[in-house]
Amino acid sequence: MKRVMLKVAYDGTNYHGWQLQPNVITIESVLNETLSGLFHEEIKVIGASRTDTGVHALGNIAVFDTTARIPAEKISYALNQRLPEDIRIQSSMEVAPDFHPRHQNSKKTYEYKILNCAFPMPVYRLYSYFTYVNLDVEKMRAAASYLVGEHDFKSFCSVNTVAETTVRRIYDISVERSGDMITVRVTGSGFLYNMVRIIAGTLMEVGRGNINPENMTDILKALDRTKAGPTAPACGLTLVGYEFV
């Protein structure tokens, strides 16, 4: 028996998120079915990040156990011949038998894309959120700076969140514009349910002039979801990096 780690990229448009759910197709269910068919044994992957419906990833992490004799580094090639074209394994490698991706110290980086121009651009519709209202990037950047560090992010997570603690650490957050595309990039030790999307939604409210940048401190202190902005749509969010530290 050996444990194999996969780096998984996917377009989340057609999936109900990562995690197994009854009667719907998820990234996890497709991986389990494909791996089980490949190795002729029941395989169940363990994912590092349980991304939501419609969220994309350039490199989520998953592990699984198998008795197969195929070298771990070759499994990516075999899987990619069988997976749908919107899921691709970027690498595969053997790890320690007790390695668990959710029990490791790590840094996760997400990007939220906002198309900010007069009219939508069809080729970006699945990978960004469109708004024609002009957003003030400087104000968004100023507001984002208040979120860096360790804070209780209860105001920035779904009311349905189940977590031992809502304290998280953000190492870095940036807001950059390139042409009509604004990118909010957040790196942290971990994220609560809908946390990055709520951060993005709140920063857009700042950019529209509905929230002052300095109000971010009060929003954090309130520990009240209703004090932050709306949850931005899933299509703009991509897990772009996962680093074990």
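Using a 3.5 Å distance cut-off with no hydrogens or angles, the side chains of Asp86 and Tyr10 do not pair a donor with an acceptor. With 3.5 Å as the limit, one finds no donor-acceptor pair spanning the side chains of Gln90 and Ser76. A donor atom on one side chain and an acceptor atom on the other are found under 3.5 Å apart for Arg177 and Asn116. Between the side chains of Tyr127 and Asp11, at least one donor N or O lies within less than 3.5 Å of an accepting N or O. Looking at Arg50 and Thr26, their side chains never bring a donor and an acceptor atom within 3.5 Å of each other. Lys113 and Thr183 share a donor-acceptor pair across their side chains, judged by distance under 3.5 Å alone.
Tyr242 and Met93 end up in the same hydrophobic cluster when Ile, Leu, Val, Met, Phe, Trp and Tyr side chains are linked at under 4.5 Å. Linking Ile, Leu, Val, Met, Phe, Trp and Tyr whenever their side-chain heavy atoms come within less than 4.5 Å leaves Val159 and Leu220 in two separate clusters.
Of the possible polar contacts, none joining the His151 side chain to the Lys221 backbone as a donor-acceptor pair under 3.5 Å is found. Asp180 contributes no side-chain N or O that, together with a main-chain N or O of Leu115, makes up a donor-acceptor pair within less than 3.5 Å. Side-chain atoms of Thr165 come within 3.5 Å of backbone atoms of Val167 as a donor-acceptor pair (strictly under, hydrogens ignored). Not one N or O on the side chain of Asp218 forms a donor-acceptor pair closer than 3.5 Å with the backbone of Asn215.
Annotation for Leu83 and Arg88: closest pair O-NH1, 3.4 Å, computed over non-hydrogen atoms. Between Arg102 and Ala48 the shortest heavy-atom distance is CG-O, 3.4 Å. Minimum heavy-atom separation, Val245 to Ser106: CG2-N, 3.8 Å. In plain terms, the two heavy atoms of Ala228 and Ser155 that are nearest each other are CB-O, 3.3 Å.
Relative ring orientation between His100 and His103 is described as parallel, the plane-to-plane angle staying below 30° on a 0-90° scale split at 30° and 60°. Relative orientation of the Phe244 and Phe99 rings is perpendicular, given thresholds of 30° and 60° on the angle between their planes.
Salt bridge present: Glu176 and Arg141 bring a charged side-chain N and a carboxylate O closer than 4.0 Å. A salt bridge links Arg197 to Asp52: one of the charged nitrogens lies within less than 4.0 Å of a carboxylate oxygen.
Stacking of Lys107 on the aromatic ring of Tyr171 is recorded, both the 6.0 Å distance cut-off and the 45° axial limit being met.
Identified under the side-chain hydrogen bond (donor to acceptor under 3.5 Å, both in side chains) test for residues 184-193, with sequence neighbours left out: Thr109-Thr187, Glu111-Arg185.
Checked against Arg3 for a side-chain hydrogen bond (donor to acceptor under 3.5 Å, both in side chains), the options Asp65, Thr66, Asp98 give a single hit: Asp65.
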